[in-house]
S.K.: 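Below is a structure I'd like to ask you about.
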Amino acid sequence: PDVKVDQKLLQSDDFLLRVLGWDMINHRYPIPVPRDISRYGFTRDFISDQYGGSTQSTCPKIGKRSLDQHGLDDWMFLTLEWNPHVPTKPGFPGLLFSFGRETDEWKKIQRVFVRVQTDPAQWVYMGQYQMKVGTSLTAADWWSQKEQSRKKWANGVLKKGWGAKLCARLGLQKQHGVAYEPTKSDYDIATKKDNIKHYRSLLTERDVLRAFDSRDVVRSVLCHTCRQQTAERTHRR
């Protein structure tokens with residue numbers, strides 16, 4: 001299927017070159033199976049039925065019974081809705097954004113699937129990817145994005161599951177002062193289902209934008225490089 005991305009969220013060519021570099025941009029891992037097989041799409045329901053795990057989580061936890069059967073606990077499911085630069089073809093490089101200052105290398109190689117079609121939803125296996133922490137967006141990078149893009153990110157933080165931790169932080173700082181640094185215990189309590197609704201109710205789009213504008217919130221970059229493509233996992237239907 002043709003891959004569609006939100007053009008408002010695309011970064012500039014200069015930014016991509018600065019973050020990825022020519023070597024990574026041009027990296028292509030050779031795919032060991034024909035194109036019609038390597039780009040075959042699956043549903044999350046099918047993958048969950050075959051291998052276990054949630055159909056909603058980005059990195060689903062696999063139950064013991066399923067894990068004992070296949071031993072695969074490295075799943076990662078990415079969408080183009082918020083990360084238009086993730087890999088869209090098997091073996092290709094990509095990047096995604098993360099909130100906060102990523103300092104540790106991702107030691108675990110991830111089994112990456114990307115949703116390349118939404119209606120009906122189709123997830124394509126891109127390969128086994130190694131991620132490393134890249135640069136963070138600078139203030140200039142942030143302000144170079146269109147206002148529509150900045151507002152979309154702010155509203156995503158307020159509504160999406162991946163924005164819960166940031167909403168908890170901003171909500172706690174509204175209660176205790178902007179200098180307050182939440183502890184792990186604070187986050188564990190604040191991000192529980194009922195509590196996070198409360199903290200989100202304290203925030204507005206302007207609150208989130210202000211945090212981005214002031215660099216209180218950092219958008220880090222995780223760079224993806226394909227290290228392997230497991231052919232038997234793309235054959236199985």
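If you're wondering where the values come from, they're calculated on a predicted model, not measured in any experiment.
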S.K.: Can you list every pair that meets salt bridge (Lys or Arg N to Asp or Glu O under 4.0 Å) and has a residue in residues 41-64, with sequence neighbours left out?
M.R.: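 Every pair satisfying salt bridge (Lys or Arg N to Asp or Glu O under 4.0 Å) with a residue in residues 41-64: K64-D68.
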S.K.: Kindly give the heavy-atom pair with the smallest separation between S57 and S54, and that separation in Å.
M.R.: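 Residues S57 and S54, closest heavy atoms: N-OG, 3.3 Å.
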S.K.: Where do L16 and L95 land on the side chain to side chain contact (heavy atoms under 4.5 Å, CB included) test, with the steps shown first?
M.R.: CA-CA 9 Å; L16 296 177; L95 60 82; 3.8 Å; yes
S.K.: Please say whether more than 12 non-hydrogen atoms of neighbouring residues, nucleotides or ligands are located less than 6.0 Å from NZ in K174.
M.R.: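 Yes - once you tally the heavy atoms of other residues, nucleotides and ligands closer than 6.0 Å, there are more than 12.
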S.K.: Nearest 0.5 angstrom please: I109 CD1 to M131 CE, how far?
M.R.: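 I109 atom CD1 to M131 atom CE measures 10.0 Å (nearest 0.5 Å).
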S.K.: Name all pairs fulfilling the ring pair (Phe, Tyr, Trp, His ring centres under 6.0 Å) condition that reach into residues 178-201, sequence neighbours left out, sorted by first residue then second.
M.R.: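 Listed once each, the pairs are H176-Y180.
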S.K.: Mind checking what makes side-chain contact (heavy atoms from CB on, under 4.5 Å) contact with T58, not counting sequence neighbours?
M.R.: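 Testing T58 for side-chain contact (heavy atoms from CB on, under 4.5 Å), a comparison that skips the adjacent residues, returns M76, L78.
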S.K.: To the closest 0.5 Å, what do you measure between OH (Y125) and CD1 (I31)?
M.R.: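 The OH atom of Y125 sits 8.5 Å away from the CD1 atom of I31.
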S.K.: Less than 6.0 angstrom from the centroid, inside 45 degrees of the normal: does R28 satisfy that with respect to the ring of F92?
M.R.: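 Yes, cation above the ring, under 6.0 Å and within 45°.
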S.K.: According to ring-ring contact (aromatic ring centres under 6.0 Å, His included), who are the partners of F77, at least two apart in sequence or on a separate chain?
M.R.: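 With neighbours one apart ignored, the set is F113, W123.
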S.K.: Say whether, by atom type as modelled, one donor and one acceptor occur between the side chain of S38 and the main chain of R35 under 3.5 angstrom.
M.R.: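 Flag set: sc S38 to bb R35 pair under 3.5 Å.
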S.K.: Is it true that L203 and L209 fall in one hydrophobic cluster, defined by side-chain heavy atoms closer than 4.5 Å?
M.R.: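 Same cluster.
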S.K.: Given side chains that start at C-beta, do those of Q110 and Q128 come closer than 4.5 Å, heavy atoms only?
M.R.: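 With C-beta onward as the side chain, the pair stays apart.
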S.K.: Could you measure the distance from the CD atom of Q145 to the CZ atom of R150? Nearest 0.5 Å is fine.
M.R.: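 Here the rounded value is 7.5 Å.
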S.K.: Could you go step by step and tell me if W82 and W153 meet the side chain to side chain contact (heavy atoms under 4.5 Å, CB included) rule?
M.R.: CA-CA 8 Å; W82 297 99; W153 274 108; 4.1 Å; yes
S.K.: Does the side chain of L96 come within less than 4.5 Å of H85's, by heavy atoms?
M.R.: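 Heavy-atom side-chain distance check fails, nothing below 4.5 Å.
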S.K.: With sequence neighbours left out, what residues match T118 under side-chain contact (heavy atoms from CB on, under 4.5 Å)?
M.R.: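 For T118, the residues satisfying side-chain contact (heavy atoms from CB on, under 4.5 Å) (neighbours in sequence not counted) are R115.
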S.K.: Are V86 and L80 packed together at the side-chain level, in the sense that at least one heavy-atom pair is separated by less than 4.5 angstrom?
M.R.: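 Yes. Closest side-chain heavy atoms under 4.5 Å.
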S.K.: Which pair of heavy atoms, one from G52 and one from S66, lies closest together, and at what distance?
M.R.: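 Of all heavy-atom pairs spanning G52 and S66, the closest is CA-OG, 3.8 Å.
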S.K.: Return yes when atom CD of E147 has more than 12 non-hydrogen atoms of other residues, nucleotides or ligands closer than 6.0 Å, and no otherwise.
M.R.: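 At most 12 heavy atoms, drawn from other residues, nucleotides or ligands, come within 6.0 Å of this atom.
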S.K.: Identify the heavy atoms of V208 and A154 that sit nearest to each other, and give their distance.
M.R.: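 Scanning both residues, the minimum pair turns out to be CG1-CA, 3.8 Å.
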S.K.: Which residues pass the salt bridge (charged side-chain N to carboxylate O under 4.0 Å, His left out) test with D188, sequence neighbours left out?
M.R.: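 D188 satisfies salt bridge (charged side-chain N to carboxylate O under 4.0 Å, His left out) with K184 once adjacent residues are dropped.
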S.K.: Looking at E81 and K152, what are the two nearest heavy atoms and their distance?
M.R.: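 In terms of heavy atoms, the two residues are closest at O-NZ, 3.8 Å.
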S.K.: List in chain and number order the residues that pass salt bridge (charged side-chain N to carboxylate O under 4.0 Å, His left out) with D73, two or more places apart in sequence or in another chain; answer none if no residue qualifies.
M.R.: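 Partners of D73 by the salt bridge (charged side-chain N to carboxylate O under 4.0 Å, His left out) criterion, ordered by chain and then number, come out as K108.
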S.K.: Could you report the tightest heavy-atom contact between P87 and M126, atom names first, then the distance?
M.R.: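 Scanning both residues completely, I find the closest heavy atoms to be O-CE, 3.8 Å.
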S.K.: Where the side chain of N195 meets the backbone of T191, is there a donor-acceptor pair that is under 3.5 Å apart?
M.R.: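 It does not hold such a pair.
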S.K.: Sequence neighbours left out, what pairs pass salt bridge (Lys or Arg N to Asp or Glu O under 4.0 Å) with at least one residue falling in residues 9-21?
M.R.: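 Listed once each, the pairs are R18-D141.
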S.K.: Would you please test V112 and W75 for side chain to side chain contact (heavy atoms under 4.5 Å, CB included) and show each step?
M.R.: CA-CA 6 Å; V112 173; W75 305 85; over 6 Å; no
S.K.: Report yes if the side chains of V124 and Y40 come closer than 4.5 Å at any heavy-atom pair, otherwise no.
M.R.: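 Counting from C-beta outward, V124 and Y40 never come under 4.5 Å.
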S.K.: Tell me which donor-acceptor pairs under 3.5 Å the side chains of residues 157-165 have, and how far apart each pair is, sequence neighbours excluded?
M.R.:
none

S.K.: Listed by chain and number, what are the salt bridge (charged side-chain N to carboxylate O under 4.0 Å, His left out) partners of K192, not counting sequence neighbours?
M.R.: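 Testing K192 for salt bridge (charged side-chain N to carboxylate O under 4.0 Å, His left out), a comparison that skips the adjacent residues, returns none.
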S.K.: Quick one: salt bridge (charged side-chain N to carboxylate O under 4.0 Å, His left out) partners of D119, sequence neighbours excluded?
M.R.: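 Scan of D119 (salt bridge (charged side-chain N to carboxylate O under 4.0 Å, His left out), adjacent residues dropped) gives none.
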S.K.: Same cluster or not: I189 versus L202, using hydrophobic residues (I, L, V, M, F, W, Y) connected whenever any side-chain heavy atoms lie under 4.5 Å apart?
M.R.: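 No, I189 does not connect to L202 through the hydrophobic network.
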S.K.: Kindly indicate, with the supporting measurements, whether the criterion side chain to side chain contact (heavy atoms under 4.5 Å, CB included) is fulfilled by R206 and D213.
M.R.: CA-CA 10 Å; R206 183 62 247 168; D213 293 346; 2.9 Å; yes
S.K.: Under the side-chain hydrogen bond (donor to acceptor under 3.5 Å, both in side chains) rule, collect the residues that match up with T183, sequence neighbours excluded.
M.R.: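 If we apply the side-chain hydrogen bond (donor to acceptor under 3.5 Å, both in side chains) test to T183, skipping adjacent residues, the hits are D186.
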S.K.: Is there a path of hydrophobic side-chain contacts, each under 4.5 Å between heavy atoms of I/L/V/M/F/W/Y residues, joining L172 to L170?
M.R.: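 Looking at the clustering, L172 is in a separate group from L170.
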S.K.: Checking the side chain of Q130 only, and the main-chain atoms of T225 only, is there a donor and an acceptor separated by less than 3.5 Å?
M.R.: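 Judged by distance alone, no pair lies under 3.5 Å.
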